[in-house]
Amino acid sequence: MVESLFFLLLLQLLGETLARLLALPVPGTVLGMLLLWFWLIARLPRPKKLEAMAQGIFNYLPVFFIPAAVGVIEQRQRIASDGWWLFLLIVLSTLAGIAAAAWTMKWLGRKDARKTQAGTESAR
């Protein structure tokens, strides 16, 4: 477990270092997660108990929403004055995201259908 925790903290440190050295507008923790994702995609060696460590962290996931809730509370004046505009923007951006996802799935489905059709024609 200690090896897995060290691995995750090392990737977080690398992400923080990259964010500061390159002056990126992305938090270092996000870069650390991207590094972990690339590491796992590349199937590089990883600690044996990384999955157990991830499950342990996942069990406490609701605790990570506390800073966001505090941020909402700190901005209550702005929410009170611009709440309807914020609500409208959230609804519109959600609908735009759903539409983009639906369009992408439709496009990928057509692409997959063409590939399948080409594969069956070449088998004949």
Side-chain angles (χ1 to χ4, degrees):
M1 246 354 175
V2 173
E3 181 185 348
S4 299
L5 181 61
F6 177 76
F7 179 72
L8 292 175
L9 290 174
L10 180 66
L11 289 176
Q12 180 182 356
L13 177 66
L14 288 172
E16 291 286 346
T17 303
L18 281 173
R20 291 177 194 251
L21 283 177
L22 302 175
L24 297 173
V26 179
T29 52
V30 173
L31 291 177
M33 285 194 307
L34 282 173
L35 290 172
L36 174 63
W37 183 67
F38 285 126
W39 189 282
L40 295 174
I41 293 292
R43 299 190 185 274
L44 297 171
R46 60 181 186 258
K48 291 181 171 78
K49 297 190 178 188
L50 183 63
E51 187 174 338
M53 173 61 84
Q55 186 60 45
I57 292 171
F58 188 70
N59 289 336
Y60 295 100
L61 188 63
V63 173
F64 297 119
F65 289 104
I66 291 172
V70 170
V72 168
I73 291 169
E74 285 182 356
Q75 297 295 325
R76 66 182 172 267
Q77 292 295 98
R78 175 171 241 170
I79 292 171
S81 65
D82 298 330
W84 287 107
W85 288 110
L86 292 171
F87 177 76
L88 181 64
L89 286 172
I90 290 169
V91 168
L92 290 176
S93 64
T94 300
L95 292 175
I98 291 170
W103 179 83
T104 303
M105 289 302 295
K106 189 175 181 180
W107 179 75
L108 288 173
R110 287 181 184 162
K111 187 177 177 182
D112 188 47
R114 278 188 246 130
K115 188 185 285 187
T116 304
Q117 185 180 18
T120 56
E121 287 178 2
S122 66
R124 290 182 186 175

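These values consider heavy atoms only, across backbone and side chains, with no hydrogens, waters or symmetry-generated copies.
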Between Leu50 and Ser4, the two heavy atoms sitting closest are N-OG, 3.2 Å

Please answer: with hydrophobic residues joined when any side-chain heavy atoms are less than 4.5 Å apart, are Leu13 and Leu40 in the same cluster? no

What are the two closest non-hydrogen atoms of Leu24 and Leu18, and how far apart are they? CD1-O, 4.2 Å

Could I get the full list of salt bridge (Lys or Arg N to Asp or Glu O under 4.0 Å) partners for Glu16, not counting sequence neighbours? Arg20

Where at least one partner belongs to residues 23-62, residue pairs that pass ring-ring contact (aromatic ring centres under 6.0 Å, His included), sequence neighbours excluded: Phe7-Trp39

Hey, any chance Leu44 and Leu9 share a hydrophobic cluster, counting ILVMFWY side chains that come within less than 4.5 Å of each other, even indirectly? yes

Taking side chain to side chain contact (heavy atoms under 4.5 Å, CB included) as the criterion, tell me which of Met53, Glu3, Met33 meets it with Leu8. Met53

Which pairs with one or both residues in residues 45-56 pass side-chain hydrogen bond (donor to acceptor under 3.5 Å, both in side chains), sequence neighbours excluded? Gln55-Asn59

Extract all donor-acceptor atom pairs below 3.5 Å that involve side chains of residues 79-98 and protein atoms in other chains or at least two apart in sequence.
residue: Ser81; atom: OG; partner: Gln77; partner atom: O; Å: 3.4
residue: Ser81; atom: OG; partner: Arg78; partner atom: O; Å: 3.1
residue: Ser93; atom: OG; partner: Leu89; partner atom: O; Å: 2.9
residue: Ser93; atom: OG; partner: Ile90; partner atom: O; Å: 3.1
residue: Thr94; atom: OG1; partner: Ile90; partner atom: O; Å: 2.7

Non-hydrogen atoms of Ala19 and Val26 that approach each other most closely: CB-O, 3.5 Å

Give the cluster check for Leu21 versus Leu14: same hydrophobic cluster or not, with ILVMFWY residues linked at side-chain heavy-atom distances below 4.5 Å. no

Residue pairs, two or more places apart or on separate chains, that pass salt bridge (charged side-chain N to carboxylate O under 4.0 Å, His left out) and touch residues 88-108: none

Under a single-linkage rule joining Ile, Leu, Val, Met, Phe, Trp and Tyr whose side-chain heavy atoms are separated by less than 4.5 Å, which residues share a cluster with Trp107? Leu108

Flag yes if Phe65 and Val30 sit in one hydrophobic cluster, no otherwise; membership is Ile, Leu, Val, Met, Phe, Trp, Tyr, and two members link when side-chain heavy atoms are under 4.5 Å apart. yes

